[in-house]
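Residue numbering restarts at 1 for every chain, and letters A, B, ... go by the order of the sequence lines. Quick caveat: nothing in here was measured; it's all calculated off a predicted structure.
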Amino acid sequence: MLSKEKNEYITRVGTGTPMGNLMRQYWLPVMLSHEVPEPDCDPVRVMMLGEKLIGFRDTSGQVGLIADGCPHRGASLFFGRNEENGIRCVYHGWKFDRTGTCVDMPNEPADSMFKTKVRARTYPCVERIGVVWAYLGPRADPPPMPDLEVFDVPEDEVEVVAAMRDCNWLQGMEGDLDTCHVNFLHRGAIKAEDLTPGTEEFYMAAEKAPRYKYTETEYGAMYGAYRPAGPGELYWRVAQFLFPCFTHIPRNARQAVDTRLWVPMDDYHTMYYLLRRRPQNEPASNGRFVLSADTAIRKDNSTDWYGRFRLEASADNDYLIDRDKQRRMVSYTGMAGAWTEDHAITESMGPIMARESEHLGSSDVMLTRVRRRLIDAASALADDNTAPPGVDKPGVYRTRSASIILPADTDWLEGTAAMRTASPAGER
Amino acid sequence: MLSKEKNEYITRVGTGTPMGNLMRQYWLPVMLSHEVPEPDCDPVRVMMLGEKLIGFRDTSGQVGLIADGCPHRGASLFFGRNEENGIRCVYHGWKFDRTGTCVDMPNEPADSMFKTKVRARTYPCVERIGVVWAYLGPRADPPPMPDLEVFDVPEDEVEVVAAMRDCNWLQGMEGDLDTCHVNFLHRGAIKAEDLTPGTEEFYMAAEKAPRYKYTETEYGAMYGAYRPAGPGELYWRVAQFLFPCFTHIPRNARQAVDTRLWVPMDDYHTMYYLLRRRPQNEPASNGRFVLSADTAIRKDNSTDWYGRFRLEASADNDYLIDRDKQRRMVSYTGMAGAWTEDHAITESMGPIMARESEHLGSSDVMLTRVRRRLIDAASALADDNTAPPGVDKPGVYRTRSASIILPADTDWLEGTAAMRTASPAGER
Amino acid sequence: MLSKEKNEYITRVGTGTPMGNLMRQYWLPVMLSHEVPEPDCDPVRVMMLGEKLIGFRDTSGQVGLIADGCPHRGASLFFGRNEENGIRCVYHGWKFDRTGTCVDMPNEPADSMFKTKVRARTYPCVERIGVVWAYLGPRADPPPMPDLEVFDVPEDEVEVVAAMRDCNWLQGMEGDLDTCHVNFLHRGAIKAEDLTPGTEEFYMAAEKAPRYKYTETEYGAMYGAYRPAGPGELYWRVAQFLFPCFTHIPRNARQAVDTRLWVPMDDYHTMYYLLRRRPQNEPASNGRFVLSADTAIRKDNSTDWYGRFRLEASADNDYLIDRDKQRRMVSYTGMAGAWTEDHAITESMGPIMARESEHLGSSDVMLTRVRRRLIDAASALADDNTAPPGVDKPGVYRTRSASIILPADTDWLEGTAAMRTASPAGER
């Protein structure tokens with residue numbers, strides 16, 4: 001559990017908050033490239049870290065991200081004209097390029113110098129694998145992008161998914177750091193006796209209460225959950241937290257290139273991104289941006305601040321729970337699949353879960369430690385302006401999760417090292 | 001009128017408030033039995049005294065009431081599995097029985113003692129005449145149930161109604177303690193000359209401004225409203241307030257077994273229950289749980305916190321007022337009947353009516369006195385832990401309202417004593 | 001820009017606020033006469049200056065305006081009976097006439113004097129040109145009505161429009177004091193070369209950055225925006241602010257009788273009224289109360305507090321923006337016309353725009369000065385009870401805006417004096 005004060009500290013990400021300042025040290029996904037499909041396309045409302053922003057693609061093809069309110073008198077630039085390498089407010093014609101420079105102020109006399117004194121708040125953006133990344137931080141020269149292995153995956157094997165959650169980012173991310181929920185929430189209806197003995201799935205189902213090892217890393221933290229496998233063997237599932245809000249979770253499929261990112265839209269809404277190489281045992285999905293191999297249905301995007309990448313299953317419809325299927329153990333939850341289940345459970349904790357009321361067990365060691373690391377990093381930034389983990393070391397992000405059966409006496413870090421090693425940059 | 005401070009004091013019922021603590025000393029209705037119709041049925045969301053609770057019926061047929069958030073990490077138990085005498089959180093499989101004991105914690109190692117250290121917040125429940133009653137108070141051994149006469153009514157003559165109001169409980173209940181509104185809100189279009197002379201209805205219509213007597217009682221308070229009847233006679237209508245939120249109102253039908261209960265869901269929503277013996281002059285209603293003999297239409301229940309026992313007529317549709325019928329005096333209000341009228345008027349006062357702006361007249365003496373009694377009882381509980389009226393004396397609830405014509409010189413308490421006497425417990 | 005404190009000071013208008021007190025010194029429009037079409041018609045909910053009021057027309061034909069909550073116990077008088085020169089609460093039959101006198105209290109004994117001690121809060125109303133005006137201020141004898149020229153316009157030439165905005169009144173009104181936005185928001189797609197040289201429209205389009213003169217006046221303030229016209233000529237557009245929330249904006253049509261009023265419903269909603277003589281170059285509109293010559297569509301009124309005179313185009317539908325028309329410069333905004341554009345832009349600034357973040361240019365001099373005048377007048381009222389400008393001098397309101405081409409060396413005040421002179425009262 002956390003005190004109320006520490007829970008506020010770790011969950012709030014608006015302008016000027018300690019955790020908001022920590023998040024702003026990093027490049028983070030802000031939207032998908034296809035949301036601004038072509039030069040001079042329609043502007044898009046994007047909420048990020050509590051800031052109302054307008055995304056657009058300018059005439060040169062570069063993506064811009066600008067504060068919603070015009071610096072002049074606060075009119076929304078969403079209604080602006082995206083034209084000739086800038087966005088123009090329709091109230092008085094002021095125009096800003098994607099760097100925030102005011103490039104036209106046609107209601108001022110030609111000899112006025114006022115134009116040079118006004119800047120719009122904008123943030124630098126880059127695009128990788130169909131995702132727009134933004135840096136909302138204070139550095140004039142942004143730090144390097146994290147060196148994620150998924151950036152090197154061939155385009156036709158990359159899968160990118162975005163999905164919005166109506167809850168705080170931390171409780172979303174904590175689901176990824178909690179391996180044992182898989183055996184209940186997602187696989188509670190599966191019995192070991194129905195699985196092939198000797199498989200990882202079989203060992204998972206046979207022992208639902210693994211034990212845990214934990215270690216800190218340059219990029220954040222890592223844990224290994226272990227349980228009995230064959231005689232003299234242990235089955236290890238190793239997952240990672242990467243600053244400030246990324247995870248790698250173990251995949252039974254061995255070649256895991258799979259990064260998950262929990263980007264706060266504001267304190268009560270999160271945009272979750274999944275960037276991965278499509279596992280070889282899964283069929284190609286229908287187009288590049290899909291909702292994974294799940295029966296979850298996604299609604300069409302709308303133009304409002306909270307209208308992007310929403311699931312049809314929501315709190316308003318009890319996540320389409322089928323009580324009869326739940327009762328007959330067709331599934332443990334009666335819900336459509338893992339996506340819906342994760343959404344439902346984390347949202348059901350409330351907009352910001354009350355960590356002062358928790359009762360954490362031995363399976364929650366990773367949560368406790370990661371919270372402490374986040375708080376420590378935010379405090380170090382606040383107190384001494386210490387650059388937080390990974391910001392200036394992009395290479396530390398080049399790692400993988402692991403899922404492996406090892407002899408019982410093998411050290412887990414040594415035994416999983418090879419599997420955790422990402423391919424060198426530029427190679428497969 | 002009340003000061004703003006006292007109005008807050010008397011209306012707020014959340015955890016830790018003085019009036020909330022007072023309410024929690026008593027058994028109160030929490031839902032209808034048919035909402036959890038059978039063992040292991042679907043869980044139900046129930047809001048009560050500002051607490052989010054999940055109602056369920058376990059395998060043994062007993063009703064349970066458990067706090068919504070799982071003690072582990074706060075996931076909603078509404079999505080839980082109601083199975084084998086307990087409700088199981090689908091996140092990590094923790095299971096609690098209706099006493100709050102953790103009976104299974106399958107994600108912890110078998111040798112863990114953690115299970116014994118975790119309890120869920122649950123409340124004891126009992127069922128009477130199709131109503132689930134709960135005790136949300138601090139005693140390990142709950143006090144006895146109030147000895148209401150309606151509990152002894154033969155099953156085929158009992159009527160139970162629940163209806164939600166979108167306003168604070170006190171302004172709802174105050175309508176029951178205010179006899180003279182009946183002559184306006186409900187019967188304002190009725191003229192004495194159209195009624196049979198000598199009947200109680202006739203005398204009510206003939207004098208719309210009765211005078212009042214008041215007395216305190218062991219169960220709470222009682223008033224008598226009196227007005228001229230035949231020569232040398234007075235017509236008395238006697239009503240009762242019973243701690244903490246129950247009323248008996250006068251019925252023209254003489255054999256009144258009729259208790260009304262104003263149970264706070266939270267500070268802004270109230271579940272009103274009517275428990276009565278069906279008057280002999282009324283036809284049997286369509287099934288046991290009906291909405292009284294009124295044209296009010298009730299919506300189907302939904303699963304959300306505020307979706308139970310709602311009227312179709314609501315603030316959103318101006319309570320379906322028919323202005324033409326109002327203008328032509330088809331009814332005084334243009335609304336469908338007394339249920340709708342009471343809903344409309346009390347909700348129209350606002351979520352919590354501003355008692356600092358009232359102008360109370362002579363008809364409001366009961367309101368003033370009952371407020372004082374409630375505040376005094378809450379203060380005595382807060383200051384000295386004094387058990388409030390009736391908690392440990394269930395027999396005092398065995399009383400009735402009265403409606404009777406008496407010689408003008410008869411003392412009202414003596415003259416109504418026989419009519420106010422309930423049948424002995426166990427008899428008709 | 002304004003500090004946060006001053007922005008609060010100038011925008012908030014609820015009971016007891018300095019600016020609310022200033023507004024209450026004046027007669028202000030509260031509804032249209034046709035909303036209470038006949039004696040004893042249905043009551044109407046009206047929100048004004050943060051007060052919930054009920055409008056009604058009594059049996060004598062006079063309009064009444066009474067606080068929503070009955071003085072007795074706060075029940076809404078919207079559900080009351082409008083009958084025999086008063087409105088009667090249906091809860092206990094208390095009846096009040098339009099002066100606030102309690103004329104019937106039928107639930108009190110006939111000999112009670114309580115009736116004389118209770119008054120309802122009511123406000124005096126008068127009707128002019130189809131508009132109901134109310135005085136919400138402290139004077140027992142209200143000040144005179146402002147002597148607006150439009151009151152003398154023949155009935156068949158008067159046009160009255162009301163339209164609600166979902167934002168604070170000040171940012172609405174500031175749009176009228178900002179002449180240069182017209183060239184962008186409303187006419188940004190119009191090029192000078194497509195217009196007839198020598199016309200006012202031509203000169204407007206040819207120079208989008210006029211320069212400004214400002215002067216204070218007895219009724220408030222006035223500015224002149226000037227730009228080149230023919231050789232040795234200037235084209236002047238002169239607009240006025242009239243205390244506390246009225247404007248006269250320049251019309252290219254010369255005989256401008258056109259007053260705009262920005263009446264706060266509450267801090268976040270404004271009812272905008274346009275009172276004018278229909279320009280001779282415009283066709284008669286369809287009935288007296290229309291939405292001007294715009295393609296904006298108005299929704300039917302509903303009975304709720306914010307259901308009157310709403311546009312179909314709203315924030316919920318992005319003001320029906322047509323991005324393709326915007327892109328192809330069919331219009332600058334892609335919206336239906338000037339009404340919709342003004343609504344969209346001022347609402348897009350937020351419920352109360354953050355003036356601490358503004359960057360005001362030379363075109364905003366009128367805004368800066370008018371804000372100062374409003375704050376000074378509110379402070380003088382608060383500090384010394386100084387009656388604010390115009391309250392006791394109704395004649396100062398008899399003025400017009402101007403739009404005129406003058407020799408470059410003519411003083412603007414002298415050169416526009418004749419055009420700014422309204423017709424004498426009672427004449428055309």
Side-chain angles (χ1 to χ4, degrees), chain A residues 15 36-45 51-52 54 56 59 67-84 87-96 100 102 104-121 302-307, chain C residues 1 7 167 171 174-175 178-189 207-212 225 227 315-319 321-324 326-329 331-335 340-364 367:
Chain A
T15 307
V36 282
E38 63 203 7
D40 296 337
C41 62
D42 297 348
V44 176
R45 289 190 181 99
E51 300 185 30
K52 290 183 170 176
I54 302 298
F56 63 103
T59 314
D68 177 49
C70 176
H72 180 205
R73 291 192 45 234
S76 172
L77 294 176
F78 175 76
F79 298 111
R81 303 183 55 82
N82 182 12
E83 58 181 24
E84 292 167 53
I87 195 155
R88 184 187 292 279
C89 179
V90 292
Y91 204 4
H92 300 89
W94 293 18
K95 181 173 169 182
F96 300 90
C102 184
D104 196 16
M105 194 181 273
N107 73 327
E108 283 288 314
D111 56 358
S112 166
M113 295 298 291
F114 189 49
K115 189 170 70 172
T116 64
K117 295 178 185 161
V118 175
R119 286 191 62 78
R121 184 160 47 89
S302 56
T303 57
D304 49 302
W305 294 109
Y306 302 105
Chain C
M1 57 162 272
N7 199 30
C167 65
Q171 70 208 58
E174 288 183 343
D178 162 22
T179 195
C180 74
H181 86 265
V182 175
N183 260 332
F184 301 94
L185 189 66
H186 307 314
R187 303 171 65 87
E207 174 54 84
K208 302 200 170 189
R211 295 171 188 267
Y212 299 86
R227 48 180 33 102
D316 290 339
N317 55 26
D318 289 338
Y319 303 93
I321 190 171
D322 182 326
R323 291 287 190 186
D324 183 58
Q326 182 185 35
R327 189 173 296 111
R328 292 186 295 114
M329 210 42 124
S331 88
Y332 201 64
T333 61
M335 295 179 194
T340 305
E341 288 161 344
D342 282 332
H343 266 65
I345 280 297
T346 54
E347 293 185 0
S348 84
M349 295 167 172
I352 297 181
M353 72 166 294
R355 289 183 176 75
E356 67 271 19
S357 307
E358 287 176 327
H359 293 80
L360 296 183
S362 61
S363 71
D364 300 307
L367 271 56

Go through the side-chain N and O atoms of [X] and [Y] and say whether any donor and acceptor fall under 3.5 Å apart.
X: C:D178; Y: A:H92; answer: yes
X: A:N107; Y: C:H181; answer: no
X: C:S363; Y: A:E108; answer: no

Roughly how far, to the nearest 0.5 Å, is the [atom2] atom of [Y] from the [atom1] atom of [X]?
X: A:C70; Y: C:M349; atom1: SG; atom2: CE; result: 9.0 Å
X: A:Y91; Y: C:T346; atom1: OH; atom2: OG1; result: 6.5 Å
X: A:R81; Y: C:F184; atom1: CZ; atom2: CZ; result: 12.5 Å
X: C:S348; Y: A:L77; atom1: OG; atom2: CG; result: 8.5 Å

Exercise. What residue, out of C:D318, C:I321, C:D342, C:V182, has the most heavy-atom pairs lying under 4.5 Å from chain A?
Worked result: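 Most pairs with chain A among the choices: C:D318.
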For this session: Between chain A and each of C:A315, C:C180, C:G175, C:P210, count heavy-atom pairs under 4.5 Å; write down the option with the most.
Result: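 Of C:A315, C:C180, C:G175, C:P210, C:C180 has the most heavy-atom pairs under 4.5 Å with chain A.
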Exercise. Near C:E356 CD, under 6.0 Å, is it more than 12 heavy atoms from other residues, nucleotides or ligands?
Worked result: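 Yes, CD of C:E356 has more than 12 neighbouring heavy atoms, counting only those of other groups under 6.0 Å.
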For this session: Decide, yes or no, whether a salt bridge links A:E83 with C:R327 under the criterion of side-chain N to carboxylate O below 4.0 Å.
Result: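 Not counted as a salt bridge, because no side-chain N and carboxylate O are separated by less than 4.0 Å.
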Exercise. Should C:R211 and A:D111 count as an ion pair when the cut-off is N to O under 4.0 Å?
Worked result: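 So C:R211 pairs with A:D111 through a salt bridge.
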Please classify the contact of [X] with chain C as side chain, backbone, both or neither, using a heavy-atom distance under 4.5 Å.
X: A:R119; result: neither
X: A:C41; result: backbone
X: A:N82; result: neither
X: A:D42; result: both

For this session: Mind running side-chain contact (heavy atoms from CB on, under 4.5 Å) on A:R73 and C:L367 for me, showing each step along the way?
Result: CA-CA 11 Å; A:R73 291 192 45 234; C:L367 271 56; 3.4 Å; yes
Exercise. When you look at C:E341 and A:F79, which way does the side-chain contact (heavy atoms from CB on, under 4.5 Å) test go after all the steps?
Worked result: CA-CA 10 Å; C:E341 288 161 344; A:F79 298 111; over 6 Å; no
For this session: Say whether, by atom type as modelled, one donor and one acceptor occur between the side chain of C:H359 and the main chain of A:P71 under 3.5 angstrom.
Result: yes
For this session: Tell me, for C:T179 versus chain A, whether the close heavy atoms (under 4.5 Å) come from the side chain, the backbone, both or neither.
Result: neither
For this session: Check each atom of C:D364 against the heavy atoms of chain A and say whether the ones under 4.5 Å are side chain, backbone, both or neither.
Result: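 Contact with chain A: side chain only.
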Exercise. Minimum heavy-atom separation for A:F114 to C:L360, with atom names?
Worked result: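 Heavy atoms of A:F114 and C:L360 come nearest at CZ-O, 3.2 Å.
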Problem set entry | Considering all heavy atoms, the nearest C:A209-A:P106 contact |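 That closest heavy-atom pairing would be CB-O, 3.6 Å.
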For this session: Identify which of A:S112, A:G93, A:P109 forms the greatest number of heavy-atom pairs closer than 4.5 Å to chain C.
Result: A:P109
